[in-house]
Number of protein chains: 4
Amino acid sequence: MQLEQHNIQAHNEQALAAHQRAFAYISGEIPDAEGIVARLADFQVAIPSWALGTGGTRFGRFPGGGEPRNLEEKIADIGLLHRLNRSSGAISLHIPWDIPSNPAHIKALAAQQELRFDAMNSNTFQDQPGQALSYKFGSLQNTDKAIRRQAVEHNLEVIRHGVELGSESLTVWLSDGSCFPGQLNFRQAFENTLRGLQEIYAALPAHWKMFVEYKAFEPNFYSTTVGDWGQSYLYASKLGPQAYTLVDLGHHLPNANIEQIVALLLMEGKLGGFHFNDSKYGDDDLTVGSIKPYQLFLIFCELVEGMDARGIDHATGLGWMIDASHNVKDPLEDLLQSVEAIMLAYAQALLVDRKALTAAQAGHDVAAAQEILQKAFRTDVRALAAEARLRAGGALNPLGVYRAANVRAELIRERGAKTFATGL
Amino acid sequence: MQLEQHNIQAHNEQALAAHQRAFAYISGEIPDAEGIVARLADFQVAIPSWALGTGGTRFGRFPGGGEPRNLEEKIADIGLLHRLNRSSGAISLHIPWDIPSNPAHIKALAAQQELRFDAMNSNTFQDQPGQALSYKFGSLQNTDKAIRRQAVEHNLEVIRHGVELGSESLTVWLSDGSCFPGQLNFRQAFENTLRGLQEIYAALPAHWKMFVEYKAFEPNFYSTTVGDWGQSYLYASKLGPQAYTLVDLGHHLPNANIEQIVALLLMEGKLGGFHFNDSKYGDDDLTVGSIKPYQLFLIFCELVEGMDARGIDHATGLGWMIDASHNVKDPLEDLLQSVEAIMLAYAQALLVDRKALTAAQAGHDVAAAQEILQKAFRTDVRALAAEARLRAGGALNPLGVYRAANVRAELIRERGAKTFATGL
Amino acid sequence: MQLEQHNIQAHNEQALAAHQRAFAYISGEIPDAEGIVARLADFQVAIPSWALGTGGTRFGRFPGGGEPRNLEEKIADIGLLHRLNRSSGAISLHIPWDIPSNPAHIKALAAQQELRFDAMNSNTFQDQPGQALSYKFGSLQNTDKAIRRQAVEHNLEVIRHGVELGSESLTVWLSDGSCFPGQLNFRQAFENTLRGLQEIYAALPAHWKMFVEYKAFEPNFYSTTVGDWGQSYLYASKLGPQAYTLVDLGHHLPNANIEQIVALLLMEGKLGGFHFNDSKYGDDDLTVGSIKPYQLFLIFCELVEGMDARGIDHATGLGWMIDASHNVKDPLEDLLQSVEAIMLAYAQALLVDRKALTAAQAGHDVAAAQEILQKAFRTDVRALAAEARLRAGGALNPLGVYRAANVRAELIRERGAKTFATGL
Amino acid sequence: MQLEQHNIQAHNEQALAAHQRAFAYISGEIPDAEGIVARLADFQVAIPSWALGTGGTRFGRFPGGGEPRNLEEKIADIGLLHRLNRSSGAISLHIPWDIPSNPAHIKALAAQQELRFDAMNSNTFQDQPGQALSYKFGSLQNTDKAIRRQAVEHNLEVIRHGVELGSESLTVWLSDGSCFPGQLNFRQAFENTLRGLQEIYAALPAHWKMFVEYKAFEPNFYSTTVGDWGQSYLYASKLGPQAYTLVDLGHHLPNANIEQIVALLLMEGKLGGFHFNDSKYGDDDLTVGSIKPYQLFLIFCELVEGMDARGIDHATGLGWMIDASHNVKDPLEDLLQSVEAIMLAYAQALLVDRKALTAAQAGHDVAAAQEILQKAFRTDVRALAAEARLRAGGALNPLGVYRAANVRAELIRERGAKTFATGL
C-alpha cells in the first residue's frame, strides 16, 4: 500500500483555507505559536507493532481485515501513519511476535519509512509453541529456578534483537502475580523478580535503558508482582541508573492521581516513559484521550514542568509510546486519533502560563490556578498540530486523507480479509 | 455590596476587542453561532444558598470572610453573581437554614435581583437545636413511627415555605441508610421511606415536582436507602407523575457511566434535574468541570439529545442546580467558575453535528462518532458564552470583574471576617 | 472416569472420627443443627458447562489437561462433582457450545448422574464459524435489523434445545454496549434490546423463566446496554412476570452493596437467581468466597430473610448457578471449593438469630446487630455441610477424595493433555 | 466509673461452662492452642484518645452521652476497656486535644490503669483557636515558610509532651494536599514536606520512631502530599532508620491489595505500624473487621509471616493502634468489637500451617494454598481469645459485661448527656 504524497497534498489543498484562518487566529491570540509548532514537530510517538491489528477480550475477538501479516507489513503500516501525521516516526517491537529474520533488511525498510526502533518488548505472559517451560505461574517471580532462567534468557534474546535493529531500550512488562490469596509469598516473588531483573540489567548495553512497567491487576487477579509505581520504583532504584519506571495510563486502581505519580517519578529521576491509552473501568487500552482528555492534559502539564525543571529534552528524554487494543475501530484510524490526542494535550500543556501559575501557587490562589490551566485546555489548538504536520509534509487532516484514499479497502485487497497482526 | 453596572461596563470595554475577534472567528466557523448564543442566554442555573459560604470536611473547616449572615445577604450574593453572568437567576433554599420570616419581603428582594426560587431542600440529615426526635438512625426509613412522622412534617413545612416564595419543586435528599451490616432491614427501610415520600407527595401542589435524590454513600457508610438511580427510579415511579429522579454528579460509585443513566431516565420520563459539581474520589462537591470536563460534556450531549427527542424545553424542562462545597476557594469565585463550565459544556453539546452522529451510529462508524463529539469538545466556545452574557448585560469576564472590583474585600468589610453561611 | 462410591467411603471412614467430634460439638452449641443440615442437603448449585475447562484472559491461556471434549464428558464431570458433594445436581448449558445432537441420549446420561438441566445460556457475544452476521457491534441492540433478528432467532433456538432437555429457564447475558462515547444512542440501544427481548419472551414456555443478566462493563468498555440492576429491572418489569433479574457477583462497579440490591429485587419479586463467583478488581470469575467471604455471607443473609418473607422455597425458588473461569486451578477442584463456600455461607446465614436481629434493628442497637451477624459468621459450620454430604452419600472432604483418587491424572490419561472444554 | 473486678468475675462464672466446652474442643483440634493463647495475651492494641467519643461527618454529628471531658477521663475509659479485654493496655494521644497539664499526674493515672503511652499524634489539619497562621493550604508542604516553621514547631512540642509521658513514637499524619488541579506544584510540595519532616526527625530521641502515615484522599480531594505507600516509603527512606511507614487500612484507593503492601514494607524494613479500622467506600473508620474480615486475616497472615522472617517481636516490634470514628455506636462498645476482631484475625493467622503453605506455594498448588488459608479462617477461634482474656483477669465476654454493668448509663450520670471527647 502506498499512500502517495500527492494524496496528502491534494487533500491539504482543500483544507488549507480553513486551516490558515484557524492558524492565523490562534497565532494572534497566544504568545508563542511558532515555538509550540516547533515543539510539536519534534515530538514523535512510537507505535507498538501489536496495535496494528484488532485486539480482543477474553470473550471474543472480531477481526478486521487487511492487518499486517509480518514485520515488513507492520513497518509499512507505521510508515503510512508517519507519512500522514509526521509524528509516528518510531516502532516498538514485541518479541517473539516480531523476530526479525533479517535485521539488516528490516533496518533498511524502516529507514526507508523514516522510522527508528523504539523500546523492545519481551513477552513472558504467554507460552509460545514449543516453549520448554510454562509461565502459567509466573516468569521471573517463579519458585522454579529453571523457569526464571528461561525468562531471563528470553529477555537477553530480546536485547540482542534490539541491538541488531538499533533500539536503545527494553520494556519489561511482567504479568507475574497471583490469582488467589496464599498463592504467592509476596516477598519471595519480589526477590526472585529482582534477581531476574538484575541479570537482565547486567546485559544491557551501556547506552540502553530498562523500563520496568507496573500494572495493578490483569491478567493476574489478586496480586501483581510489579503492581504499582512504588514497587516499580523499588525495582528500578535497586537495579541502577539505567533502570526506570514506565507508566501505562491504564494500569492503575480507580481514581488514581496519575499526574502526581508522574511528577514524583520525574523528581526522583526515575520516570522512563509512557504507554499512552485511555480507559474507563480497567485496563481497556482505549484510544488516547477518548475518555479523560483533561487528565491527559494534566499529565502533560506535569511532564512539561518536570522535564523543564530537570533539563530533560521533551522529544528525546523520555520514551513516548502508545499501548492500545482496538476491538471496534480500524487500528490505523485509532492510532491516528491517539497521536492527535497526544499532540493536542502536549500543545495545551505548552500553552500554560507557567509564571502566572507559579505565582498563583505561591499565593494559594486556587481559583486563579484553575483558570490558568483551563484557559490552556479550553483553547482550540488543533491548528497548531495541523501546522506542524503541514510544515513537515504531513496531512492537515490525517484521518480524512486515510479515509479518502480508501486505505483499509486497499489493504484488505492486498492482504486479505482474514489476517492476524498479533500473537494474542 | 453593590457591584455597579458601570464596573461591568468598564471591564467589558477593555475586553471587548479580543472578544469580538474571538466571536467573529467562531461565528465564521460553526453553523449556528447565533442559535447557540440564544440558547445560552436562556439557560439559568440555580445557586444553592448553602454554597455561598465555606464548607468543610469532617476534619476541619477553614472559614473565609464576608459570608452572608442571613437570607437577605444570600439573595444579595446570588444577585451579584447573576449581574455578572446573567445565568444565575435562581436560588435554591434550604430549610431550616433559610426559613423566610417575612416571605413577601424576601420575594420582593429576590425579584429586585431578578431571581426566582428554584427547588426547596429539606433537611433530615441533621438534628436542629430543640428538635424533638433525633435523625441519628434515619428519618423516613426509621423504625420509629414518631420519627418518620416528624420527618414528614418537616417536608410539609418546607413545601409551605416554598409555596409562599413561589418555588415549584421540592428536592428530597435523604441521608438515610446504615453504617454497618445488620443495622437495617433493607426492605423495611425502603418501605418506610416509600410511605413517607407518599405522604409528602400527597401534599405537593399540583404544579410542583418532587425530586428524589440518590447517593451511593456518605454520611452513611454501609448502605443508603436511596442509593442509586435504580432505587430513586423505583420510588419515583411508585409515587406518581410529579416525582422524578435527581442526579447529583458526585453521588455515584467509581467509574459509573452517568451519561447513560441520564439518557435512560430521560427515556423513562423520570429525569427531574441535576446537582452539578465534580469530584475525583467521592462526593467532593468540587467546582463543576474542574476534574472531568469531558464527562460533563458527554452528559450535556445526552441531555440535549434526550430533551429534544421528548420535546422538553432546555431552559425550563428540567431543574438545573449547582451543589457545591468550597473548602479552599472564595465561594462566589467558585460558583462563577462552575456556571461557566456548565455553559461551555452546554454550548459544546449544542455544537455536535447530530445528523452526522446518527449516521455514524447507524453505520457502526465508531471512529467517526468519536471525531464528531471531539470536534465539538475541542472547539473553543468561550466567546459564545461571553457573547450571551454581553448581550444580556453581564460581564465578558465575570471572574475578572469580581476581582477587579474587590468584591470579597468589600463583603468582609460589610459583614466581618468571621461569618458562617451554612448550618453545617 | 468413574470415581467409585467405595473411594468416597474409604475416605470418609478415615475422616469420620474427627467429623463426628466436630458435628457433635456444633450440634450442642447451636439451636437447630438438624434443620440446617436438612436445608443444606436440599440446596443444589448448578454447574455451568463452560466452567469445566480452563479459562483465559485477553493475554493468554494456560490450558490444563483432561478437559471434557464434548457434552457427554461435561455431564460426566459434573456427575463426578455431584457424587462427591451431593450439591451439584444440575448443569447449565451454553449454546452453541453444548448443542445436544441427541437430546434423549443426553437426558438419559444426565439422569444417570442424577443431574437436571438448569438455565440455558445463549451466546451473542461471539461470532460462530459460518455465522451470517457479526455481533461485533452488538446483537439485540444493533442498529441493523437483520442482526437483531439473527440474535432473536438464536435465543429461540436455545429455548428449543432447553425444552428438549427439560430445562425451565433461559439466561440472557448480552455483552451489548459500546467502547467509546458517541458509539451508541443509549435510548435506541435500550429500545432495540427491549423489543428483541420481548420477541424472545413471547416464545418462552409458560413455566419457563427468563433471566436478564446485567454487567457493568467488559467486553464493552464504555457502556453496557444491560449495565446494572436498575436497567435489568427496567427490562424485566417491562417484559412481564416470567422475566427476572439475574445477579452475577462479579458484574458490579467497585464497592457496590450487592446484598442491598438482592434485598430490593426480592422485595420487588424480580430476583431470578445468581451467578456465584468472586473478584477483587473486575469481573474476575474467581472461586466463590475466595476474596470476600463475608460479603457472600451477607448476601445469603438477605436471601434467607427475603425468601422467607415472600414464602420462596430456598432450594427451588431461585436459580443458583456458579459462573467461574479457572486460570490457575484445576477446574473441578475450583468448583468443589466454590460449592463448599456457598454451603458454608448459606449455613451461617441460617444460623443468624433473626428474632434478635429484628429486635436490634427496631431498637437501633447497631452494635448488637453486628454481634448477631458476626456470631453466625464466626461459627465453624464446616461440620454441618460435611454431615449433609455424608447423609446424602457424598464425601466428608470432597477435595480430599478427588485428590486421593488422582482424578485429574486419570482424566488426562483418558482425554489427553491438550483439550479444550469451552468455546472461548 | 469503676467497673469492678467482681462484675467481671460474676459474668465469667455464668459463661464459663460454655467457654470451657469451646476451648476444650478447639484445643483438641489444633496443634498449639496454648501457644496461640500466650501470643494473644501478649498482644496489646493502643486506643486513640479521639476514639472515645462520637465522631461525625461533614453533614452532621449525633453525639452520645457520657463522653470523657478531659485526659483523665480518657485514661479512665481506656482503663475500663483494658480491664475488660486485657488487650487495650496503651493509649495514643493527640496534641493539642490531650495536652497533659501535669504529666507526672497523668503518668501515674495511666500506670494505675496499667496503660502505657503509645504513639503521639500531631495535628496540622485544623486551625486551633489563637493559632497564628492557618493550615488551610497545608502545613509542611506550604509555600509559606512561616507556616512550615509553625508546623515543625508543633511537632517538636508533641515530641516533648511524649517524652514527658514515656511515649516512644510520633505519628505524623499530614492532611496536606490540594483540592484542584494546578493548586500545588507536586514536587515543591514534596520537597517542602521532606525538609519539614527532616527537622522533626532531627529532634527525635534516639529510641523513638517516627511513623509517616499516608492517605489517598480526604480532607484534600485532588491530591495528597503523602498519598500512598510509595510516597510514604520515599519520605521514610530519605529520613533515616528511625522513620517508618504507617498503614491505615482505610487510606487506600478502591480494591487496593493492602496485604501485599504490608509484605513489601516489612521486606524493606520500613513497616512501622498500623491504624486498624474498616471501610466499604472511603476512609469510613468503621469497626475493625465489620466489612472485610477476610482481608484483615490476610493482612495478619502477612504480618505474622513477615515479622517471623525478620525476627520482629509480634507484640512489641510494630505499633498496633486502632483509628476509628463512631457515628452510630457507643464508642466503647465499638472499641471492644474492634479489639476482638483484631485478636481473632491474629489467632487465625497464627493457625495457618506455614510449612504446608510454603510447600503449596513452591509447587504452584493454588487450590491447596487457598484451602490452607481458609481452613484457618473458618476455624472458630473465639475461645482462644476468650481464654487469653480469662487467664489475664479479663472478661470472657467483654461486651456482655459492659452492657450488664450499664457502664454507659453510669458514665452519662457522671459526665452528662452532652459531652464532647474530641476536638473535631
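Because only heavy atoms are used, hydrogens play no part in the values below, and waters and symmetry mates are left out as well, while side chains stay in. Every chain is numbered from 1 and lettered A, B, ... according to where its sequence line falls, protein lines coming before strand lines. Owing to the predicted nature of the structure, the values given are computational and were not obtained by experimental measurement.
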Practice task
Select one option (side chain, backbone, both, neither) describing which atoms of D/Ala256 are under 4.5 Å from chain A's heavy atoms.
Solution key: both

Handout entry: Residues of residues 183-191 of chain A within contact distance of chain D, non-hydrogen under 4.5 Å
Key = A/Gln183, A/Leu184, A/Asn185, A/Phe186, A/Arg187, A/Phe190, A/Glu191

Practice task
Say whether D/His364 and A/Asp144, considering side chains only, have a donor N or O and an acceptor N or O under 3.5 Å apart.
Solution key: no

Problem - Residue-level contacts of residues 223-232 of chain A with chain D, using a heavy-atom cutoff under 4.5 Å - result: A/Ser223, A/Thr224, A/Thr225, A/Asp228, A/Trp229, A/Gly230, A/Gln231

Problem - chain D interface, residue from A/Gln260, A/Glu305, A/Gln374 that has the most non-hydrogen pairs under 4.5 Å - result: A/Gln260

Practice task
Below 4.5 Å from any heavy atom of chain A, which atoms of D/Tyr222 appear? Answer side chain, backbone, both or neither.
Solution key: both

Problem - Under 3.5 Å: donor-acceptor pair, side chain of A/Asp285, backbone of A/Asp278 - result: no

Exercise for the section: Return the orientation label for the D/Trp173 and D/Phe125 ring planes: parallel under 30°, perpendicular over 60°, tilted otherwise. Expected result: tilted

Problem - Residues of residues 264-274 of chain A contacting chain D, heavy-atom criterion under 4.5 Å, by residue number - result: A/Leu264, A/Met267, A/Glu268

Practice task
Under 4.5 Å, heavy atom to heavy atom: which of residues 292-299 of chain A reach chain D? Give them by number, or say none.
Solution key: A/Tyr294, A/Leu298

Exercise for the section: Compute whether any side-chain donor of one residue and acceptor of the other, for A/Asp176 and A/Ser139, lie under 3.5 angstrom apart. Expected result: yes

Handout entry: Contact origin within D/Ile372 toward chain A - heavy atom pairs under 4.5 Å
Key = neither

Problem - Backbone of A/Asn142 reached by a side-chain donor or acceptor of A/Asn192 within 3.5 Å - result: yes

